[in-house]
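Here's the structure we're looking at; comments come further down.
Every heavy atom of this structure was used, including side-chain atoms; hydrogens, water molecules and symmetry mates were not.
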Amino acid sequence: MKIIKNSIRSELILICNNEIDTMLPKRAWSINQTTWNKDLVGDDIPGVCLSADLSILTEISLKKELVNILPPADKITMNYNIFLKNSGIRWHSDANYKWGATLYLNEWNNKWGGLFLWEDKEENLNVICPEPGTLVINTEAEQHSVTHISSIAPYPRRSLQIWGTMLK
């Protein structure tokens with residue numbers, strides 16, 4: 001895993017969060033139980049994660065800002081994720097992609113769960129608590145997961161998921 005703090009300007013984080021706030025009351029969201037691979041969710045993770053597409057302007061701005069940070073890819077796709085209480089992600093590797101990345105968008109407290117865990121090549125367990133502007137890039141298909149969001153979390157955990165693929 002590669003971890004980059006302050007990967008984008010705070011103004012762009014604000015734009016993303018404002019876009020999410022505008023989209024929340026609209027029917028722009030899908031839920032992980034119906035759209036994610038079944039290996040990522042199940043009865044042991046009863047909560048819901050919402051996902052939505054970014055506006056074209058926001059996506060262009062992010063790609064422009066991250067162009068020198070993200071690994072090479074023929075195609076880059078992005079979506080917002082909102083982790084509600086009791087949601088999380090099972091252990092997985094992102095092996096279907098050239099690389100995967102997560103950009104954290106809001107302040108978070110480790111006591112609320114939602115921690116990003118990964119196992120490195122030496123099988124050491126690592127953890128990071130989300131911080132706005134921190135980008136985590138998985139280029140080695142390392143196993144990783146997101147711990148359950150606690151029922152005491154005062155608000156949802158927000159992130160931007162970025163996928164890099166190579167065309168055949």
Exercise for the section: Taking all non-hydrogen atoms of both residues into account, name the closest pair between Lys111 and Ser150 and its distance. Expected result: O-CB, 4.3 Å

Problem - Exam field: side chain Lys85 to backbone Tyr155, donor-acceptor pair closer than 3.5 Å - result: no

Fill in the blank from the handout: Closest non-hydrogen contact found for Pro156 with Leu84 is CG-CD2, 3.7 Å

Exercise for the section: Please test Tyr97 against Trp99 for ring pair (Phe, Tyr, Trp, His ring centres under 6.0 Å), starting from the C-alpha separation and ending with a verdict. Expected result: CA-CA 5 Å; Tyr97 300 94; Trp99 52 263; 9.0 Å; no

Exercise for the section: Please say which of Asn81, Leu50, Asp21 ends up in a side-chain contact (heavy atoms from CB on, under 4.5 Å) with Arg158. Expected result: Asp21

Practice task
State, to 0.1 Å, how close Ala153 and Ile149 come at their nearest heavy-atom pair, and which atoms those are.
Solution key: CB-CG2, 3.9 Å

Exercise for the section: Kindly say whether Gly114 contributes a backbone atom to a donor-acceptor pair with the side chain of Arg157 at under 3.5 angstrom? Expected result: yes

Handout entry: Side chains of Thr165 and Lys98 in contact at under 4.5 Å (non-hydrogen atoms)
Key = no

Handout entry: Contact check, side chains of Thr102 and Ile137, non-hydrogen atoms, under 4.5 Å
Key = no

Exercise for the section: Would you kindly say whether Asp94 and His144 are connected by a side-chain donor-acceptor distance under 3.5 Å? Expected result: yes

Problem - Pair Val127-Thr147, side-chain contact (heavy atoms from CB on, under 4.5 Å): steps then yes or no - result: CA-CA 10 Å; Val127 63; Thr147 64; over 6 Å; no

Practice task
Let me see the working for Leu24 and Ile82 under side-chain contact (heavy atoms from CB on, under 4.5 Å), right down to the final yes or no.
Solution key: CA-CA 10 Å; Leu24 276 174; Ile82 305 247; 4.3 Å; yes

Handout entry: From CA spacing to verdict: ring pair (Phe, Tyr, Trp, His ring centres under 6.0 Å), Trp108, Phe83
Key = CA-CA 12 Å; Trp108 199 251; Phe83 288 82; 8.9 Å; no

Handout entry: Whether over 12 other heavy atoms sit under 6.0 Å from Lys2 NZ
Key = no

Practice task
Flag the pair Tyr80 / Asn17 as yes when at least one side-chain heavy-atom distance between them is below 4.5 Å, and no otherwise.
Solution key: no

Practice task
Treating Ile, Leu, Val, Met, Phe, Trp and Tyr as nodes and any side-chain heavy-atom pair under 4.5 angstrom as an edge, say whether Trp118 and Leu115 lie in one connected cluster.
Solution key: no

Problem - Contact check, side chains of Gln143 and Ser93, non-hydrogen atoms, under 4.5 Å - result: yes

Handout entry: Atom of Gly164, atom of Ala73 and distance for their closest heavy-atom approach
Key = CA-CB, 3.7 Å

Practice task
Using the test side chain to side chain contact (heavy atoms under 4.5 Å, CB included), find all partners of Asp74 that sit at least two apart in sequence or belong to another chain.
Solution key: Met166, Leu167

Exercise for the section: Take Lys121 and Glu142 through the salt bridge (charged side-chain N to carboxylate O under 4.0 Å, His left out) test and state the conclusion after the steps. Expected result: CA-CA 7 Å; Lys121 293 174 194 165; Glu142 291 175 311; over 6 Å; no

Exercise for the section: Answer yes or no: does atom CD1 of Ile56 have more than 12 heavy-atom neighbours from other residues, nucleotides or ligands under 6.0 Å? Expected result: no

Practice task
Quick one: do Lys75 and Trp163 satisfy side-chain contact (heavy atoms from CB on, under 4.5 Å)? Show the steps, please.
Solution key: CA-CA 8 Å; Lys75 182 180 177 186; Trp163 302 107; over 6 Å; no

Exercise for the section: Check the hydrophobic clustering (I, L, V, M, F, W, Y; side-chain heavy atoms under 4.5 Å; chains of links allowed) and say if Ile15 and Ile20 are grouped together. Expected result: yes

Practice task
May I ask you to decide if Thr134's main-chain N or O and Ser7's side chain share a donor-acceptor pair within less than 3.5 Å?
Solution key: no

Exercise for the section: Would you mind reporting whether Leu105 and Pro132 have side-chain heavy atoms less than 4.5 Å apart? Expected result: no

Practice task
Give a yes or no on whether the backbone of Asn126 and the side-chain of Glu119 come within a donor-acceptor separation of less than 3.5 Å.
Solution key: no

Problem - Residues that Asn6 engages under side chain to side chain contact (heavy atoms under 4.5 Å, CB included), provided they are two or more places apart - result: none

Exercise for the section: Please tell me if the side chains of Ile162 and Leu135 come closer than 4.5 Å, counting only heavy atoms from C-beta onward. Expected result: yes

Exercise for the section: Scan side-chain atoms only and decide if Ser61 and Thr58 contain a donor-acceptor pair under the 3.5 Å cut-off. Expected result: no

Exercise for the section: Give the cluster check for Trp29 versus Ile31: same hydrophobic cluster or not, with ILVMFWY residues linked at side-chain heavy-atom distances below 4.5 Å. Expected result: yes

Problem - Under 3.5 Å: donor-acceptor pair, side chain of Asn110, backbone of Cys129 - result: no

Handout entry: Smallest separation among heavy atoms of Phe116 and Met1, with atom names
Key = CZ-CE, 3.9 Å

Problem - Validation row: Ile8, Leu66 side chains within 4.5 angstrom (heavy atoms) - result: yes

Problem - Side chain Glu59, main chain Met78, donor-acceptor under 3.5 Å - result: no

Problem - Gln161 CD: over 12 foreign heavy atoms closer than 6.0 Å - result: yes

Completion exercise
Scanning both residues in full, the closest heavy-atom pair of Tyr104 with Glu131 reads CB-O, 3.2 Å

Practice task
Could you walk me through whether Ile13 and Leu103 pass side-chain contact (heavy atoms from CB on, under 4.5 Å), step by step?
Solution key: CA-CA 9 Å; Ile13 294 170; Leu103 175 66; 5.7 Å; no

